> 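Structure in structure tokens, see below.
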Number of protein chains: 2
Amino acid sequence: MKTLRVPEATVTRLSIYSRFLERLDRNGVTSVSSGEIAEGVGVSPAQVRKDLAYFGEFGTRGVGYNVKDLMHYTMKILNLTQPWPMALAGAGNLGTALCTYRNFRERGFAIVGVFDNDLTKIGKRIEDLTVQPLEEMPQVIKQRGIRIGIIAVPTRAAQEVADLMVRNHLKAILNFAPIALNVPEDVMIRNVDLSVSLEVLTFNLKYRGTYESEE
Amino acid sequence: MKTLRVPEATVTRLSIYSRFLERLDRNGVTSVSSGEIAEGVGVSPAQVRKDLAYFGEFGTRGVGYNVKDLMHYTMKILNLTQPWPMALAGAGNLGTALCTYRNFRERGFAIVGVFDNDLTKIGKRIEDLTVQPLEEMPQVIKQRGIRIGIIAVPTRAAQEVADLMVRNHLKAILNFAPIALNVPEDVMIRNVDLSVSLEVLTFNLKYRGTYESEE
DNA sequence: CGCCTAAAGTTATATATTTCACATATTTTA
DNA sequence: TAAAATATGTGAAATATATAACTTTAGGCG
């Protein structure tokens, strides 16, 4: 059994391949080549093969990959064979949208607890959930076996919420606040920063990836 | 005038530095070192200096950077000296949340038109906006000088909306649909894929960035 | 006024990632 | 059943990115 480091970009693409395969499967496609996957998700065929090679051999030379099999392999690698209940902090517009976000469920993710400290939001119903006070998060995390937290609170409250999540042993946090959260080494943070994405666009609208220094 | 290619990761970090500087400035901090910026956003000091070096010399050796100056420089580089009106397609929960998203405005971004084809959504008011039929997007883009589009429609409708945006000369699209959009070379797409972010987390919850092949 | 310290800017090194090219395996076909 | 076509898996080369080490410059202080 050998352990090897997998580039994060590879994991990201694996997730993309996985969903693409799911779509192929839904459409009744049974076999696919690295070239077709590449075409479908916008990378090179060699990249697809190299990425998959980190995890094993899943194809048949001269033939390609079995869609259903490869889909299952990718989901297993991504740890999606179990459902993932999640705790959401922040019941504003963004939080509400996340609660109803269909793409989560399709992949086994489900927000099972929504928490906020704003008295005007506590008690609000969002589909089949009710916004609870933040202080109730610990017991819900325990009861539901939650391992992933989502932070959708205002920037000024984000660190405090992160601390609370860390104290309650969450090791994975999806953070929408535009701030670098301070957490222990063993806690993973993924930042979703929409302004950053837009600013990469505005930069490129001007320079298209190059920069012309004055003079 | 020499032109040099800037890594996308550098542009991403520049945006992060920029907002961090904005926060320092708001807090009355006037001077900062690469080490403090690094600490504040979670990268190495060398990385900060290297990133800035792509664009010029902004600091004083032995002293550091003037916060206000560097903030302005970064914003100028990122093309944020002008406001950026944006067109949003999709007035569901996510679209609604984006309309009210405060972090956009702070950086000069503003959704000035919301469009949808769902008759139950057209006419709906979201703050000071009214949801319009998609077919009206072209004229609004023209009138308001919009250059950035946001796609927050269901996956099945995303490509069609992208085509519409491309036809109307938008060159930058922020896409929330979990699908690879097909657009001409000169159109930039940034995908925000929340499931992908979560799946990177679930992968790491199991393997922490390494993979142990069976046997 | 010169020495010392701090920190930016820069060059060189190391690491990581992607691309390329090819060897290998499978199926099809003549 | 041999040859051709196809497409995977992989090692080597090329490229890109990040880290580290070093050089330069500014300011403080004795």
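None of these values were measured; they are calculated from a predicted model. Numbered from 1 within each chain, the chains take letters A, B, ... in sequence-line order. Quick note: numbers below take in every heavy atom, side chains included, and nothing from hydrogens, waters or symmetry partners.
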> From the list D/dT17, D/dT10, C/dT10, which nucleotide is the closest neighbour of the side chain of B/Pro7?
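Nearest listed nucleotide: D/dT17.
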> Go through residues 39-51 of chain A and report each residue with a non-hydrogen atom lying under 4.0 Å from DNA chain D, sorted by number.
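The stretch gives A/Arg49, A/Lys50 as the residues lying under 4.0 Å from the strand, ordered by number.
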> So how far is it from A/Ile151 CD1 to A/Leu94 CG, rounded to the nearest 0.5 Å?
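Here the rounded value is 12.0 Å.
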> Between A/Arg61 (CZ) and C/dC22 (P), how many Å, whole number?
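To the nearest whole Å, that distance equals 16 Å.
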> Between A/Arg19 and A/Glu106, does any NZ, NE, NH1 or NH2 come within less than 4.0 Å of an OD or OE carboxylate oxygen?
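Salt bridge: no.
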> Are any non-hydrogen side-chain atoms of A/Lys171 and B/Leu205 less than 4.5 angstrom apart?
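Yes; the side chains approach each other to less than 4.5 Å.
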> Mind calculating the distance between CG (B/Leu52) and C1' (C/dA7) to the nearest angstrom?
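Rounded to the whole Å, the gap is 13 Å.
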> For the OG atom of B/Ser195 and the OH atom of A/Tyr101, what is their distance to the nearest 0.5 Å?
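Separation between the atoms: 5.5 Å.
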> For a 4.5 angstrom cut-off between non-hydrogen side-chain atoms, does B/Val29 reach B/Asp25?
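A side-chain contact under 4.5 Å is absent here.
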> Ring-plane angle category for B/Phe109 and B/Phe104, please: parallel below 30°, perpendicular beyond 60°, tilted otherwise.
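Perpendicular: the ring planes of B/Phe109 and B/Phe104 meet at over 60°.
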> In residues 13-36 of chain A, which ones come under 4.0 Å of DNA chain D, going by heavy atoms?
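A/Ser33, A/Ser34, in order of number.
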> Expressed as a whole number of angstroms, how long is the span from A/Phe58:CZ to D/dT10:P?
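Atom CZ in A/Phe58 sits about 11 Å away from atom P in D/dT10.
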> Can you measure A/Ile37 atom CD1 to D/dG9 atom P for me and round it to whole angstrom units?
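These atoms are roughly 10 Å apart.
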> Taking side chain as C-beta onward, heavy atoms only, is B/Ile173 less than 4.5 Å from B/Ile150?
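They are not in contact (no side-chain heavy atoms under 4.5 Å apart), so the answer is no.
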> At their closest point, which heavy atom of A/Leu98 faces which heavy atom of A/Ala152, and how far apart are they?
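Smallest interatomic distance, heavy atoms only, reads CD1-CB, 4.3 Å.
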> Is A/Arg105 paired with A/Glu127 through a side-chain N to carboxylate O contact shorter than 4.0 Å?
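Result for this pair is yes, salt bridge flagged.
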> Is B/Lys68 close to B/Thr30 at the side-chain level, that is, under 4.5 Å between some pair of heavy atoms?
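SC-SC contact between B/Thr30 and B/Lys68 ruled out.
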> How close or far is atom C1' of C/dT26 from atom OH of A/Tyr65, stated in whole angstroms?
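It works out to 14 Å between those atoms.
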> What is the distance from CD of B/Glu57 to C1' of C/dG9, rounded to the nearest Å?
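About 6 Å, once rounded to whole Å.
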> Determine, for A/Glu8 against A/Arg190, whether the closest basic-nitrogen to carboxylate-oxygen distance falls under 4.0 angstrom.
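Salt bridge between A/Glu8 and A/Arg190, a charged N being under 4.0 Å from a carboxylate O: yes.
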> Nearest-Å distance, CZ (A/Arg5) to C1' (C/dT17)?
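Whole-Å distance recorded here is 14 Å.
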> Compute the bend angle of the helix from C/dC1-D/dG30 to C/dA30-D/dT1 from the end axes (five pairs per end), rounded to 10°.
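The two end axes of the helix from C/dC1-D/dG30 to C/dA30-D/dT1 meet at 10°.
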> Rounded to the nearest angstrom, tell me the gap between atom CD in B/Glu8 and atom C1' in D/dT15.
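In whole Å, D/dT15 C1' lies 16 Å from B/Glu8 CD.
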